[in-house]
Amino acid sequence: MRESESKMEDLIEFIRFMENVSTKIRSLQDKTEIYRTVIEKFSKSKHYTSGIYLLTEDKSKLEIVGTSTSSRKLKEAEKFTGLQLKKFRINLNKQNIYHQIVREGKTIHTQTINTMEGLFPKPSLHPISKILGYEKENTILTPLYKRGNIIGTFAMSSPKLTKCFIPLVKILSQHISNTLELADERTKRKHANKPKKMKQKFEEGGKGYGVIIENSLSAMYIFQHGRFKFVNNAFTHLCGYTKKELMSMNYFNLIHPDHRDMMKKATEQALTGDISNLPTEPEFKIIRKNGEIGWAKLMPVVVKYVGKPAIVGNIIDITEYKKTGEALRRAYDELREADAQNKQLLASISSILISVNENDKIIGWNRVAERTFGIAAKDVIRQPFHKCDIRWEWTIITEGISVCRKKRGIVQLDDVRFIRVDGKKSFLGITLSPIVYKHCRQPGILILGADITERKETEKKLKQYQFIVESAHDAIFFKNLKSQYITANKKTLEDFGLSLKEIVGKSDYEIMPNKEEAEKNVQNDNVVFKTGKPTEITKHMTGADGKIHWFQTIKVPQFDDTGKIIGLVGIARDITEHKIIENLIREQNKRLKELD
């Protein structure tokens, strides 16, 4: 249940945090501002810390660009180590974890203290980890990229960081990487295009623009009269067509039908000189030569080319950025759906369900627990378990949890007394199961319970009935529709001279030595099964002692909940002595009549 409640909440909470970070950095145009904003958002977070490390020029070390660890903790650590941590550099030849990330492109999940090995002497690792607040934290480290090349490492730490966070941290890292690329493109465009000078050159019809555009890393083109007048190498790479093919085709055929009309209208309006209400950097889908769908961001400039209006387009491929955004939304939707399904599943469970984490905080409290104890989930979630006001035998519960954690095995607690909301004294049956967390000193506990008061009362009545049946001087037995014995009391077994094991599942044909007597018994049973009514008979039977015994027998049909006959219960009283006395009286009366 921990997986279905607390971890799900943690994942959804982090996805919301990711969306917030991504939204904040998306429009930023300066890489320093991007790094600062990411670190600032993590600094304000109560649950996560982060660090950004970039490769030095010689690519042999990583330098700290930013960390959300508080200044106070950094100063304490610097005082302890004698180092300036913000200027500290990580030697990739001495630190295996960072080496794997930068050199092999791996994403690693580990205890935070492991990321410090090779950076500080071993005896100082735990003290430094404690000063920085890392002793109970886990870290996910993943590469940062720019144009397909690893430029550094993004690290995120939290006590609740499990392996299931890895895809989400990688998505966030990709968002940061994509934003850095977009910012880099904007910077290049700003320095390379120089709009005023370009306008002048285009108006003059000069050739000075050629070198700048052709060598640009951005996809660039000149559009006029419904056709391309120029495309650079980066543009051919973006769409997959050759320059010759592009120069002879309609520009709008490259645009996906979803956005074709929108882009056509915007282009036609811009060429009239009216740019009011037009998006400054429209995003749209493109169709590549191989049929693949991509996403592009256009940064257009309206100029005069050979004396007539034209558009110089600067396009950035944002396909990967869109994919990671879509993956983020999909992951969020899937988690929300899974969370809803899990909540529905929990709501359908008819047992009391309480989950407690490794720190003895309540993280799960279902509706059955609310009804049973009269305590709302909102009043106890994240609160210490021992402070919840359940009126039960706390000593038994506490000892059971201690044993469960020590054994790391299931513990069953029977007949735990508790007081219901209505004040009635009742009983619970409780199962304690350990929830083992990696890197935690002790497991959490899953508590499953059921109100067994009615069962206890039923068991008590059954024991009373059983005592009565076993103590009776009459033979009492139960049979199924095949006239096989299901159970019988002590007197019945004495009459047969057999054990319970020897008669259960057998009919009178298999038990009674006299087959005629057996046949009559079965016939009487069938009358009860056929009519569904009780029947009373007097019969004789050869007993275990070989003598004839007489019985006054009542057979009553037994029904299930649907009214269907499922068997019978029989009560047989030994009337042999009465029969003997009756025969003696009959004989005596006969003799008296003969004397008269």
Side-chain angles (χ1 to χ4, degrees), residues 450 452-590:
I452 59 171
T453 308
E454 290 184 8
R455 192 191 78 189
K456 291 282 292 181
E457 291 174 352
T458 302
E459 287 176 353
K460 184 178 180 180
K461 289 178 181 179
L462 285 174
K463 286 180 180 179
Q464 291 171 344
Y465 295 149
Q466 186 177 7
F467 176 76
I468 294 170
V469 169
E470 287 298 327
S471 303
H473 294 292
D474 297 336
I476 302 174
F477 53 86
F478 295 84
K479 286 183 175 182
N480 61 21
L481 293 176
K482 295 180 180 179
S483 285
Q484 296 170 327
Y485 287 89
I486 299 171
T487 187
N489 71 345
K490 185 178 180 181
K491 184 66 172 65
T492 305
L493 302 176
E494 288 176 354
D495 291 339
F496 281 127
L498 300 171
S499 67
L500 183 62
K501 186 177 180 181
E502 290 174 310
I503 73 165
V504 169
K506 296 178 181 178
S507 69
D508 291 308
Y509 293 120
E510 301 168 273
I511 295 172
M512 299 174 66
N514 189 313
K515 302 307 176 187
E516 290 183 9
E517 293 174 351
E519 177 68 25
K520 287 182 180 179
N521 267 359
V522 173
Q523 286 177 357
N524 292 331
D525 293 345
N526 288 331
V527 170
V528 175
F529 297 147
K530 186 176 181 179
T531 63
K533 296 180 179 180
T535 184
E536 185 174 342
I537 55 174
T538 300
K539 65 176 183 176
H540 61 78
M541 186 186 84
T542 303
D545 55 6
K547 297 178 181 180
I548 299 297
H549 290 262
W550 284 88
F551 294 91
Q552 186 73 35
T553 304
I554 298 174
K555 294 184 178 180
V556 181
Q558 295 293 294
F559 302 89
D560 64 12
D561 293 338
T562 65
K564 183 179 178 183
I565 294 177
I566 57 174
L568 62 79
V569 58
I571 303 173
R573 176 165 292 179
D574 190 332
I575 59 171
T576 305
E577 291 184 3
H578 292 282
K579 276 289 183 182
I580 293 173
I581 294 171
E582 187 180 292
N583 288 336
L584 288 173
I585 293 172
R586 190 181 295 114
E587 286 293 329
Q588 186 68 29
N589 289 336
K590 184 179 180 182

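Below, all heavy atoms of this structure are taken into account, side chains as well, without hydrogens, waters or symmetry copies. Computed from a predicted structure; not experimentally measured.
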Is D474 reaching over with its side chain to a backbone N or O of I571, donor-acceptor style, under 3.5 angstrom?
no
Between CG of L493 and CZ of F477, what distance do you get to the nearest 0.5 Å?
12.0 Å
So do E577 and W550 actually touch side chain to side chain, heavy atoms under 4.5 Å?
no
What I'd like to find out is whether the side chain of F496 reaches to under 4.5 Å of the side chain of Y485, using heavy atoms alone.
yes
Heavy-atom distance under 4.5 Å between the side chains of E516 and K520, does that happen here?
no
Nearest 0.5 Å, what's the NE2-NZ distance between H473 and K490?
11.0 Å
Working to the nearest 0.5 Å, report the span between CG of N526 and CG of L481.
9.5 Å
As an exercise, state the distance from OG1 of T492 to CG of L498, rounded to the nearest 0.5 Å.
11.0 Å
Donor-acceptor pair, E517 side chain versus T542 backbone, under 3.5 Å?
yes
Can you list every pair that meets side chain to side chain donor-acceptor pair (under 3.5 Å) and has a residue in residues 495-506, with sequence neighbours left out?
K491-D495, S499-E502
Quick one: pull up CG in D574 and OG1 in T553 and give me the separation to the nearest 0.5 Å.
10.0 Å
Exercise answer: donor-acceptor pairs, residues 528-535 side-chain atoms, under 3.5 Å, sequence neighbours excluded:
from	atom 1	to	atom 2	distance (Å)
T531	OG1	V527	O	2.8
T531	OG1	K533	N	3.2

For the student: nearest non-hydrogen atoms of D560 and I566, plus distance
CB-CG2, 3.9 Å
Heavy-atom neighbours of E454 CD exceed 12 at 6.0 Å:
no
Might you point out which heavy atoms bring I476 and V569 nearest each other, and give the distance in Å?
CG2-CG2, 4.3 Å
Salt bridge (charged side-chain N to carboxylate O under 4.0 Å, His left out) with K555: which residues, sequence neighbours excluded?
D525
Between K564 (side chain only) and D561 (backbone N and O only), is there a donor and an acceptor less than 3.5 Å apart?
no
Q552 and T538 side chains, donor-acceptor separation under 3.5 Å
yes
K579: side-chain hydrogen bond (donor to acceptor under 3.5 Å, both in side chains) partners, not counting sequence neighbours:
none
Between F551 and I537, does the side chain to side chain contact (heavy atoms under 4.5 Å, CB included) criterion hold? Intermediate values first, please.
CA-CA 8 Å; F551 294 91; I537 55 174; over 6 Å; no
Nearest heavy atoms of I503 and A488, plus distance in Å:
CD1-CB, 3.7 Å
Show the nearest heavy-atom pair for residues K482 and S507, with the distance to one decimal.
O-CB, 4.4 Å
With sequence neighbours left out, what residues match N514 under side-chain hydrogen bond (donor to acceptor under 3.5 Å, both in side chains)?
none
Euclidean distance, N524 CG relative to E536 CD, rounded to 0.5 Å
12.0 Å
Those residues at least two apart in sequence (or on a different chain) that pass salt bridge (charged side-chain N to carboxylate O under 4.0 Å, His left out) with D508 are K479
